[in-house]
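Right, one structure below, let's go through it.
Convention: sequence-line order gives letters A, B, ...; per-chain numbering from 1.
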2 protein chains.
Amino acid sequence: MNARSDSASTSRTRGRPPVPKERIVATALKIVDEDGADALSLRVLAQRLDSSTATLYRHFSNRAELINQVIDHTFGSVPVQADELRGLGWEEACRAMATWMFENLRSHPNVAPLLLAQVPTGPNALALREVALQVLLDAGFSPSVAIRCYATLARFVLGFAIQLNGEDPEDAALAEVYGKSGENSLAATAAVAAFVPVPLDEEFRFGLDLLLTGLAQQRSRHEP
Amino acid sequence: MNARSDSASTSRTRGRPPVPKERIVATALKIVDEDGADALSLRVLAQRLDSSTATLYRHFSNRAELINQVIDHTFGSVPVQADELRGLGWEEACRAMATWMFENLRSHPNVAPLLLAQVPTGPNALALREVALQVLLDAGFSPSVAIRCYATLARFVLGFAIQLNGEDPEDAALAEVYGKSGENSLAATAAVAAFVPVPLDEEFRFGLDLLLTGLAQQRSRHEP
DNA sequence: ACCTGAACACCGTTCAAGT
DNA sequence: ACCTGAACACCGTTCAAGT
C-alpha cells in the first residue's frame with residue numbers, strides 16, 4: 001500500500017524541504033513589516049511557519065544569510081526595466097533608479113535597520129547595479145568614474161533609508177531640539193527652526209538633484 | 001571617629017554616584033572600539049566598571065540613552081573651530097566639516113552601527129550643526145535651503161559611516177561578486193570589475209565633490 | 001539613600017534524540 | 001533522512017532585599 005513509485009520530477013530530489021525558501025523569506029519580511037526589525041527572531045519565524053528554529057538552519061546557515069535574502073526580496077518587488085531606462089538618458093535614468101530604490105525601501109521602512117549588516121549583494125541588487133553601470137558607461141563615463149557614481153548614489157539612498165523608520169518619533173525629538181535652540185545661543189539653528197522638519201521625500205529630491213548636477217558638471221569637464 | 005563634617009562643595013550633593021557618567025561613557029566607547037558594537041552589553045560594561053547593571057540604570061534610563069552619549073562622545077574628540085572655518089568660505093568650510101565628521105567616525109569604525117538607532121542629537125552634534133548652518137546662512141543660502149544642505153551632507157556622511165566597519169570582509173565578498181560577473185552576463189559589471197574596490201576615502205571625496213559642485217550651482221542659480 | 005544579586009522574558013545557535 | 005525539543009550561553013530590564 002505504501003509502494004509509491006517515485007517517478008518523474010521528484011525521483012532524485014525526494015525528501016525536499018516542505019517549507020520552500022521563498023515562503024520563509026516572505027514570512028520573515030512580513031514579520032519585519034508588521035512588527036519591526038527587532039521582532040524578527042528565529043523563534044518567532046519558526047513558530048509562524050509551524051516549524052522549528054533548528055529546521056531554519058537547514059535553509060540558512062545563520063541569521064545574516066536570512067536577512068540578506070529578506071533585503072533582496074525587498075529589491076525584487078518591482079523588476080527593473082532596463083530598456084525603458086536607457087531611453088531616458090543617463091541623468092533621468094539615474095534619477096529614476098535612485099528614486100525607485102528609495103521608494104522600495106520606503107514601502108518597507110522597517111527593513112532599513114537590516115541594511116547595516118551588509119551591503120546588499122543579492123541577485124536583485126546586482127541586477128540593479130548592472131543596469132546603472134550600463135547606463136553610465138553608455139553615457140561615456142569611464143569605468144572608474146562610473147563605479148564611483150554608482151557607489152555615491154547607492155550610499156546616498158542608503159543614508160536616507162537607514163533612518164526611515166524613526167520618522168515620527170524623530171521628528172518630535174528634533175522639533176524639541178530646535179525649539180530649545182533659542183535658549184542655547186544657537187542662533188543659526190533658531191533661524192532655521194521654522195523650516196523643520198523637512199518632508200523626507202523633498203529632502204531626498206533635493207540631495208539627489210545636487211548629486212546629479214555635480215555629475216553632469218563632472219562629465220562636461222572631462223569630456224567636453 | 002566617623003564624625004566627618006560634610007563641608008563645602010559636597011555638602012548638598014553627598015551620596016553622589018561614585019562612577020561618574022563620563023567614565024561610564026568612555027568605558028562604553030572603549031568596549032565598542034575594542035570588541036565591536038555587539039560587545040557593548042550592559043553586563044559587560046557593569047563588570048568593567050566594577051558595578052552592576054542595575055546601577056547603570058541610575059545614569060541612563062535605557063540602553064538607547066547610553067548609546068546616544070557614546071555617539072556624542074565620539075563627535076567631541078576634536079572641538080569645532082568655528083572662526084577658522086568661516087575664514088575658509090562656505091564651500092571649503094562644508095568640505096572641512098564633512099571630512100572632519102567622516103574622519104571622526106572612521107577613527108571609531110565600530111561606532112557606526114550604533115548610528116542607526118537615532119539621528120545624533122547630543123551637544124557636540126548640535127554644536128557642529130550650528131556652525132554648519134552659520135556658514136551656510138552667512139554665505140547667502142536661505143534658511144530653508146541651508147537646512148536641506150546640512151541634512152544632505154549629514155546623510156551622505158552617515159551613509160558612508162554606516163558601513164565603515166565591514167570594510168575588509170566586505171571587500172572580499174564584493175571582489176568575489178565582481179569576479180563572478182563574467183559568468184552571469186553582467187557585462188557592465190565585468191567591465192568595471194578591474195576598478196574595484198575603490199579606496200573608501202577616495203570614494204568619499206568623490207561624492208562630496210559632487211555634492212559641493214551641485215550646491216555651488218544651485219547657489220549661483222538662485223542668487224546670481 | 002544608594003547599591004546589587006537574582007529573577008524575568010527573551011535572544012542565536014547547536015545537538016542528541018526522536019520519527 | 002529529515003525534523004525537533006531542550007539545552008547552552010547569552011541579552012535588556014526590573015525589583016526585592018541588602019548595607
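Contact detail for A/Ala161 and A/Leu115: the closest heavy-atom pair is CB-CD1, 4.4 Å. Across every non-hydrogen atom of B/Gly76 and B/Asn124, the tightest pair is CA-ND2, 3.3 Å.
Atom CG in B/Leu66 sits about 10 Å away from atom P in D/dT13, given to the nearest Å. Regarding A/Leu42, its CG atom lies at a distance of 16 Å from the C1' atom of C/dC15, rounded to whole Å. A/Ile67 has its CD1 atom 9 Å from the P atom of C/dG12, to the nearest Å. Per the geometry, CD belonging to B/Gln47 stands 13 Å off C1' belonging to D/dC10, to the nearest Å. Rounded to whole Å, the distance from CZ on A/Arg43 to C1' on D/dC11 is 11 Å. Here D/dT13 presents its C1' atom at 16 Å from NE2 of B/His59, a figure rounded to the nearest Å. For the pair B/Glu65 CD and D/dT13 P, the computed distance is 11 Å after rounding to whole Å. If you measure from atom CG of B/Asn62 to atom P of D/dC11, you get 18 Å, rounded to the nearest angstrom.
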Review item, side-chain donor-acceptor pairs of residues 39-48 of chain A, under 3.5 Å, at least two apart:
unit_1  : atom_1 : unit_2  : atom_2 : d
A/Ser41 : OG     : A/Val44 : N      : 3.1
A/Arg48 : NH2    : A/Glu34 : OE1    : 2.7

Review point. With Watson-Crick and G-U wobble geometry limited to distances under 3.5 Å, how should the secondary structure of DNA chain C be encoded in dot-bracket form, using | for bases paired to another strand and [ ] for crossing pairs?
Key: ||.|||||...|||||.||

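With sequence neighbours excluded, no residue satisfies ring pair (Phe, Tyr, Trp, His ring centres under 6.0 Å) with A/Phe75. Contacts of B/Leu153 classified as side chain to side chain contact (heavy atoms under 4.5 Å, CB included), with partners at least two apart in sequence or in another chain: B/Cys94, B/Leu208, B/Leu211. Scanning for side chain to side chain donor-acceptor pair (under 3.5 Å) contacts around A/Glu103 gives an empty result, with sequence neighbours left out. Residues meeting the side chain to side chain contact (heavy atoms under 4.5 Å, CB included) test with A/Ala127, sequence neighbours left out: none. For A/Asn68, the side chain to side chain donor-acceptor pair (under 3.5 Å) test picks out no residue, with sequence neighbours left out. Evaluation of the side chain to side chain donor-acceptor pair (under 3.5 Å) rule for A/Thr55 yields A/Ser52 as partners, not counting sequence neighbours. Partners of A/His108 according to the side chain to side chain donor-acceptor pair (under 3.5 Å) rule, which considers only residues two or more places apart in sequence or in another chain, are A/Asp33.
Only A/Leu40, listed by number, bring a heavy atom of residues 21-40 of chain A to less than 4.0 angstrom from any atom of DNA chain C. Interface residues of residues 51-58 of chain A facing DNA chain C, ordered by number: A/Thr53, A/Ala54, A/Tyr57; criterion, heavy-atom separation under 4.0 Å.
Applying the side-chain hydrogen bond (donor to acceptor under 3.5 Å, both in side chains) test to every pair with at least one member in residues 195-209 of chain B, sequence neighbours left out, gives these pairs: A/Arg148-B/Glu202, A/Arg155-B/Glu203, B/Arg95-B/Asp209.
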